[in-house]
Amino acid sequence: MNEKVAIKIDDLTVAYNYKPVLWDIDLTIPESVLMAIVGPNGAGKSTLIKAILGIIKPIAGSVSIYGKPYQKNRKLVAYVPQKGSVDWDFPTTAFDVVLMGTYGKLGWIKRPGQNEKKIALEAMEKVGMLAFKNRQISQLSGGQQQRVFLARALAQDASIYFMDEPFQGVDATTEIAIINILKELRRAGKTVIVVHHDLQTVPEYFDWVTFLNVKKIATGPVKDIFNDDNLTKTYGINYKVAVNK
Amino acid sequence: MNNPQLEIQIIAAIVAIACAIPGVFLVLRKMSLISDAISHAILPGIVIGFFITQDLNSPILILLAAFMGVITVVLVEFIQKTNLVKEDTAIGLVFPILFSIGVILIAKNANDVHLDVDAVLLGELAFAPFDRLLIDGTDWGPKSLWVMGIILIITIVLLLLFYKELKVSTFDTGLASALGFSPIIMHYGLMSVSSITVVGAFDAVGAILVVALIIAPAATAYLLTEDLKKMIWLSILFGVASAILGYWVAHFLDASISGSIATTLGFIFLIVYLIAPSKGLIAVLYRQKQQRIEASLITFLLHLNRHEEVRERHINHLQEHINWGIVRSKTVLDLAEKNNLIQIDNNIVALTEKGLLFTEKSLEYIISNKDEKIEPMKEDFFLFRG
């Protein structure tokens with residue numbers, strides 16, 4: 001395992017209205033892992049990603065991406081928000097949404113040109129959505145919308161990918177297609193961090209895992225730490241219900 | 001057409017364009033009501049600005065009043081963040097109070113000057129050509145034409161520069177923030193432009209028409225297009241068309257110009273709401289009817305698929321077996337035949353090869369809910385278009 005550090009989080013605390021949702025998180029994520037963040041509802045999984053990306057301001061602690069603050073290295077990072085976080089009736093096409101992935105490298109004011117369009121089309125091809133490029137986004141199925149979001153992240157051409165519940169509301173075919181692309185990214189040396197709900201698929205999909213429930217419970221290789229002990233600490237005594245749901 | 005008439009129409013058209021552009025983004029951000037709040041809450045800013053400058057078209061007054069507009073947004077968001085009330089209540093709390101402060105200020109101090117509440121609310125386009133820009137005795141045209149012209153140019157330049165940023169922050173705040181396009185800057189930028197537009201326009205067209213010109217064209221365009229650029233162009237088109245049409249309606253009815261323009265805006269929205277190709281009321285009702293028929297069609301095909309025996313498939317028995325009325329049975333039968341899904345021999349109905357394939361695919365789709373099974377069928381059948 002390459003021991004280069006992709007993300008280092010120190011003493012991160014995030015609060016909504018003074019109620020902590022993440023409490024003193026220390027987390028080091030090595031480069032080139034495919035990591036699941038698991039934990040019960042309200043454990044702060046999405047909040048952790050948003051705090052790393054600077055979307056939510058932490059009240060304490062620091063985050064570094066390859067040794068620098070996020071603001072200095074944001075071009076190395078791609079982000080796939082929850083599908084439900086945007087208005088799919090927005091007047092735009094699938095291609096346009098994927099093209100948004102190239103905006104970060106362009107910076108302020110500059111318009112996407114031929115090169116950006118080419119990147120967007122290639123990303124759409126990778127996720128099998130090229131045929132739908134001119135379709136209005138509200139006319140896509142849930143799985144197709146998720147693929148468009150993934151293509152947008154691929155168009156960002158980053159080193160680290162954050163995905164917030166990419167498998168929510170997608171069919172089995174799409175789930176397999178998405179996880180295959182994520183595995184391919186990791187093989188190419190990228191770091192992929194996924195907020196994940198389905199505990200059963202963790203050993204099959206991921207090689208690294210972080211247990212989170214307001215505090216960090218454990219983090220490390222799936223084969224070493226994905227065990228009853230950590231599951232119980234994270235989910236309480238009823239974790240088996242969570243596994244079998 | 002004489003010169004003041006032409007000038008009024010040009011002013012109305014420029015105000016319409018200047019309102020339509022921010023309007024598109026306000027409507028897409030589901031914030032259109034904030035324009036109503038701004039249009040009223042700027043009043044104290046206008047009054048105080050007027051005391052200082054003694055000129056309703058002074059840039060200082062416009063900036064001061066626009067600043068009040070931004071303060072309104074800040075106050076609304078502050079109240080909303082307490083989580084004690086929802087956004088609509090917060091808006092309803094803030095702007096009447098600010099507006100009333102303006103009303104009191106006028107009543108106490110400005111009784112003898114050209115500034116009254118009616119003028120602020122309703123405006124009077126007919127008077128716009130009389131307030132002229134005079135420099136060294138030369139007539140440069142109506143002042144409000146200059147004021148709104150400059151505001152429009154600023155709006156267009158900002159739109160061209162920040163189109164990409166506005167689009168991404170409107171569609172996906174989280175991504176915009178992660179990409180480094182601060183959604184807060186975009187938000188307050190849009191609010192500032194909206195406030196300046198409202199302040200610049202209120203003297204000519206009044207606070208109520210400003211709200212109509214911001215919301216109605218964008219809402220109408222939204223029904224017609226699924227492309228942001230086209231939505232902006234259509235909004236501009238509807239705004240300008242209503243402005244000019246409304247002017248002539250007022251001319252022939254001898255009524256208020258602002259009132260006629262606002263009515264025209266509402267009327268155009270109503271027509272588009274009825275006849276818009278995919279989101280319009282008629283189209284929706286038609287689609288629902290087609291979907292009902294197609295659902296019946298699939299039921300019918302499944303029935304044929306499951307029953308080999310001839311008596312179940314006789315044309316006259318279909319009615320009693322599936323228990324449909326004559327009209328419905330006939331419609332379904334016709335639709336199936338038109339699409340070559342069935343053939344009728346001696347009044348016995350049978351699935352064609354295409355019909356068999358169609359039935360199997362539909363069944364698979366219903367069971368698995370997998371979209372790819374029915375992708376090619378979306379063109380022909382409403383049922384699969386969601």
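Order of the sequence lines fixes the chain letters, A, B, ..., with proteins taken first and strands second; residue numbering starts at 1 for each chain.
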Using a cut-off of 6.0 Å, state whether more than 12 heavy atoms not belonging to [X] lie near its atom [atom1].
X        : atom1 : result
B:Tyr163 : OH    : yes
B:Leu270 : CG    : yes
A:Trp88  : CH2   : yes

Measure across [X] and [Y] and return the closest heavy-atom pair with its distance rounded to 0.1 Å.
X        : Y        : value
B:Leu28  : A:Pro91  : CD2-CD, 3.4 Å
B:Ser177 : A:Gly54  : OG-O, 4.2 Å
A:Gly104 : B:Leu179 : CA-CD2, 3.7 Å

Could you measure the distance from the [atom1] atom of [X] to the [atom2] atom of [Y]? Nearest 0.5 Å is fine.
X        : Y        : atom1 : atom2 : value
B:Arg29  : A:Phe90  : CZ    : CZ    : 9.0 Å
B:Glu226 : A:Thr93  : CD    : OG1   : 10.0 Å
B:Asp227 : A:Asp96  : CG    : CG    : 7.0 Å
A:Gln139 : B:Ser278 : CD    : OG    : 7.5 Å

Counting heavy-atom pairs under 4.5 Å with chain B, which one of [options] comes out on top?
options                              : answer
A:Trp108, A:Tyr79, A:Phe162, A:Tyr70 : A:Trp108
A:Ser85, A:Gly107, A:Ala78, A:Gly142 : A:Gly107
A:Asp89, A:Val77, A:Ile137           : A:Asp89

Which atoms of [X] approach chain B - backbone, side chain, both or neither, heavy atom under 4.5 Å:
X       : result
A:Leu99 : neither
A:Gln71 : neither
A:Val80 : neither

Mind ranking [options] by heavy-atom pairs under 4.5 Å with chain A and telling me who comes out on top?
options                      : answer
B:Lys164, B:Lys81, B:Lys30   : B:Lys164
B:Leu160, B:Asp172, B:Thr173 : B:Asp172
B:Asn83, B:Leu175, B:Val168  : B:Leu175

Look at the aromatic rings of B:Phe171 and A:Phe149 and report parallel, tilted or perpendicular, splitting at 30° and 60°.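 Rings of B:Phe171 and A:Phe149: perpendicular, over 60°.
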
Under 3.5 Å: donor-acceptor pair, side chain of B:Glu165, backbone of A:Ile109: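 Yes; at least one donor-acceptor contact below 3.5 Å.
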
